[in-house]
Structures are given as structure tokens and as C-alpha cells.
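For reference, the structure is listed below as C-alpha cells.
Residue numbers start from 1 in every chain, and the chains themselves are labelled A, B, ... in the order their sequence lines are given, proteins ahead of strands.
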Amino acid sequence: MSKVRVRFAPSPTGGLHIGGVRTVLYNYLFAKKNGGDFIVRIEDTDQTRFVPGAEQYIFDCLKWCGLMPNESTINGGPHAPYRQSERKHLYKQYAEQLIKDGFAYYAFDTPNELEQMRIDFKTVDNPLPQYDGKVRMQMRNSLTLSADEVKKILDENTRHVVRIKMPAEETISFTDMIHDEVSFNSSLVDDKVLLKADGMPTYHLAVVVDDFLMEITHAFRGEEWLSSAPVHILLWKYLFGLEHMPQWAHLPLIMGPSGKLSKRDGVKYGFPVFAINWPQTTAEKNLKTNEFTDGFKEKGFLPEAFINLLALLGWNDGTEQEIYSIEELIENFSIERVHTAGAKFDYEKAKWFNHEWIKKLPVSNYQQRVKELFVSKNVKINDDAHFKKILDLVKERCVLLTDFFDQAVFFYQPPIVYDEESIKSKWDDAKHDFFKELTSKYNGISDWNLNLIEGEFKALATEKNIKIGELQMIFRIILVGSKIGPGVFVIAEYIGNTETISRIDNALINFSLF
RNA sequence: GCCGCGUUGGUCAAGGGGUUAAGACGCCUCCCUUUCACGGAGGAGUCACGGGUUCGAAUCCCGUACGUGGUACCA
């Protein structure tokens, strides 16, 4: 059996969303599992939709996810170029071969004429008429015009397209790796355009030709392509032979709260849909509505978690395992266990995956990103080793990387506001005196350590006959400002003797106002 | 409209003729902790509907409903 070769074929028109990344992932897992190659081919055949920067952005996303291809526009390969616009000259001969063999024809209908056809043929039963076997003989094409006329039109360089001539009453079926047998009636499929007036191929011609030329063995794509699969099957049959056709796998769609997950869903429902923020979109959104969506990266996701959650959205290995490293995914992945039904994306579960990965991974893995977060919020981190210890202390309470800020700022700066509600009822003169006296006790500690901090505190509480728990609560508000964080005495130990006393002094002044 | 693909708790899902129909997320209760988490113990909640086939159907078949994708010189 020949070497496994798969490809991800995005069109560079905008942000790479969850569905796209999952398609990449399944491609990647399948290739790695089978010792094959993963290729990225840029499908930029629609020149009207060219978006500068989109291609680079796609690779930025892949890099962040750790899913880099073996062959692509950026790292080359034996089948270069990998950008379809640069392969333009390759497609025409295949279109002409199809015409010669009677499987395709020239069509000269102008956009206006096509529009008119859709109006003329529109009925209640057929609201969206197609250019198909029922109407093609009433249109202007090389099937209805005489050979001389056709030659004349062609010689005059009149704009024209090439369309596939769908056969009548043929059952086109194939075995999909996910859906098993799928079949279509050829009469119901329209005569898709293969070569556009500008000389570029449409997706339909380009995939088939390039998959053949690039020796693709397994083709994964979203289920939105299933409807046009019969066109591709036929093209394979006419051009290269079905025996060379890759095995198809039509991946179930990832759904949003309302239908197929769209880029709009992000701003609409408040969760990320892009892997990394797509700057252009942000710029547009900012101009128009002053809102934008962060990508998973900006939102504080770890790539390990992102990959993990995407893998499990539509696939599982039949065991109860849910947390997988990329190596484990490669090891366990099987296309047969990919679901047939679409899965609704659940942001809550996505966050759970991230939480698990934050707990699982050593802090060193994401320390730099968290440090940047602190710096961006004007908190200086001078001691990386100490910072690491702090992150270790709070990691289990961080669901997103961005949570580290609230969970650890207080190690670097005193509280700005106090949670008044939590202490109001507990604060009185006795407590005031306790903390007043505590500062002098702490002042006397030369070896500032957990045992002494806690010991002095409890001894004084016993001596004053005040409930320790209540005092601890207040102490926490004094040091942190709110009811979060690790053990109070640990916090005191970390921030140091003078800072602890300073925060108590500060609180004594502020609390007297309650 | 037509064509394709789907349908197990709110969500992700295991299970593919006989199960008390797993598990996870989320939610609720309790324990731990006078914080927040983590951890632990419980709880509520499900086979879209109707017909078959069968001793027996969540599992097989047929309908219906619903969802979803396509129906472009977009991918």
C-alpha cells in the first residue's frame, strides 16, 4: 500500500475557526498514526475573496497548535507549488480533456442570462432552479450551439466557463470512511462550473486535479462538501480512474447554539471561535460595532487543551479517558470512531479541559505567557523563580491562563478594595486590638516562616479568647481584599514580614470607617 | 421545494437485540476548608414519534417529525 498522504486545504479568506482546526487535527492524527505525510494546500482560486495576511495567519494558528505540515507553501515539498493560484496553468488541460471526451462543455451564458434562467424556471415546486440536465439544452453552450458558432465565439475570446455534463439517471455512490455507503442520483445534481471565466478552476476541478497530482490517499473535509461529492467522484472517474481516488471522510459539522458554528457566533454568544484572534476581523468589528472576539489563545487557552477538546468533539476511543496528550491522540485515534452526527460546541466543557491542562502541565510550560499577562497589566515580575512558586500555589484555581492575574496579583500588590460585606459584621474593637497587637508580635519575628506566623497568630487568638476561624477570615481580607486564594498564612509568608504588617496597618485605618 | 446527512439527559457521549442505559461537563446536596479552588461522597436529569420484525428493540426495517448541510463563475 502506498504511503498515506492527507491534506488540509483552506481558502485564505479569514479566521481559522474550530471546525477548521479540528479538520487539521484529524488529518494530522491520521497521518501521524499511519506514518504518513500531512500537506497544507492553499485553495485561493477565488481571486475576489483574496485577503492579505490570511495565509500567514493560518500557519500561525497551526504553529500555535503544534500541527505543522510536512509539505506546504511555507516549507515546500516535491509537489510545489502548494498555492492553487500558482498552479493555474495546470487545470485547463484537464477541463479540455473532459470536453474532448464529452464529459464537459463550454457555456457562454452571461451572469444576467443565468439570473434570467433562474427567474424563468422558478416555480413553487422548484424555487431554486439549477443549471442541470433539464435546462442545459435551453442555454447557450457548446451543446446547443453549432460547432461553427462555438468555434467563432471561442476565437473571439468571449468569456466562457466549462461545465461538467452530469449524466442522466445514474446512481453515483461511494464508501465514506465515516458515513459508509452514500449515494446520489446524477439527474439531481447540477452541471457545476469547472473552469471559471477568469481561467481559474473552481474548487471542484482543483481538488480533484491536485489530490491526484499530490498523490493524496485520504481526503478529510467538512460534511458541507458531501452534497458535491458526486461531482468529484465523476471527475475522478473521467480523469484519473476511480482506483486512484482517495478515500473520503466527511467530518460532521461543529454546531453553534444555532446551526453550523459561524464566526458570528463568537460575538453573539461570548465564546471564542477562532484559534487565534483574527486581527482583520477585530478591526472590522471595532469599526462597526465596537466589539470583537478573542481567539482561544488570547482567551487564555493552552494549545494542549485546545487540541484535546477539539479531538473529543466528535470522536472518542470508547474508553472513559478524556484527557489526551497529542502523542496519546496519535496513538489512539481511529477514523472509524468519528461520529456521524454533528456536535454542539460547549464552552463550559472547553474550559474544563483547559483547567485540567493547567493543573496537569508544569508551570514552566506557560509561565512566560502568564508573566506577559502581568507585565501587560503593569505588574513587574523580578524574580522568575519566586513567580513560579506562586503560580504553582494557585494553578488549581485557574481555569483560563488569564485567571492567574486575579488569583495571584495580591502577592505583588496590596488590595485596592476590601470585601466589606464579609467583615462588616465581624469587625469590632476586640478584633481591632487583636490585629494591632499582632503587628507588634510579627515585628518581633526575625525568622519569618509559616510555623511562626501561624503559631503567633493562634497563640494570640487563644490568649484573647477570640474564635480563630473568624480572625483568619478577616486576616484574609486584610491581605488579599477578597475571599480567594491559598491559605492565609502561606500568603503572609510569601509576601514577607514588612508587607504583612503594612497591610494590617492599612486595613486598621480603612476598617475603622466601616 | 428538491437532494444529502443526521437524531441516547441541557451539552459531549458509551452501548449496535436481553444492561439497574456507563462516564464526563454543567447543575444541586453533603464532607474537607470559617476563603476560593482541589479532592471525596451523593442527587436530579435521557434512548424524537408511530408502526412493524422478534419471546424480547435504545439497538434491525419502514414511515413521520425535527435538526442540519447543499442547492453560486464561494470554498
Subject >> Derivation and outcome, side-chain hydrogen bond (donor to acceptor under 3.5 Å, both in side chains), residues A:Thr319 and A:Asp317 >> reply: CA-CA 6 Å; A:Thr319 70; A:Asp317 73 356; 2.6 Å; yes

Using a heavy-atom cut-off of under 4.0 Å over every strand shown, decide if [X] touches base, sugar-phosphate, or nothing.
| X | value |
| --- | --- |
| A:Glu470 | base |
| A:Gly222 | nothing |
| A:Arg118 | sugar-phosphate |
| A:Thr123 | nothing |

Short side-chain N/O contact to [N] OP1/OP2 from [X], under 4.0 Å:
| X | N | value |
| --- | --- | --- |
| A:Lys426 | B:U34 | no |
| A:Ser422 | B:U35 | no |
| A:His250 | B:G4 | no |
| A:Lys122 | B:G1 | no |

Original post:
Could a donor-acceptor pair under 3.5 angstrom be found where the side chain of A:Ser228 meets the base of B:G70?
Top reply: no

Subject >> Polar side-chain contact A:Lys192-B:A72 base: donor and acceptor under 3.5 Å >> reply: no

**OP:** Mind checking side-chain contact (heavy atoms from CB on, under 4.5 Å) for A:Glu320 and listing every partner two or more places apart, or none if nothing turns up?
**Re:** none

Original post:
Given Watson-Crick or G-U pairs with both distances under 3.5 Å, what dot-bracket string fits RNA chain B, with | for other-strand pairs and [ ] for crossing?
Top reply: ((((((((.[[[..)..(....]]].(((((.......)))))....[[[[[..)....]]]]])))))))....

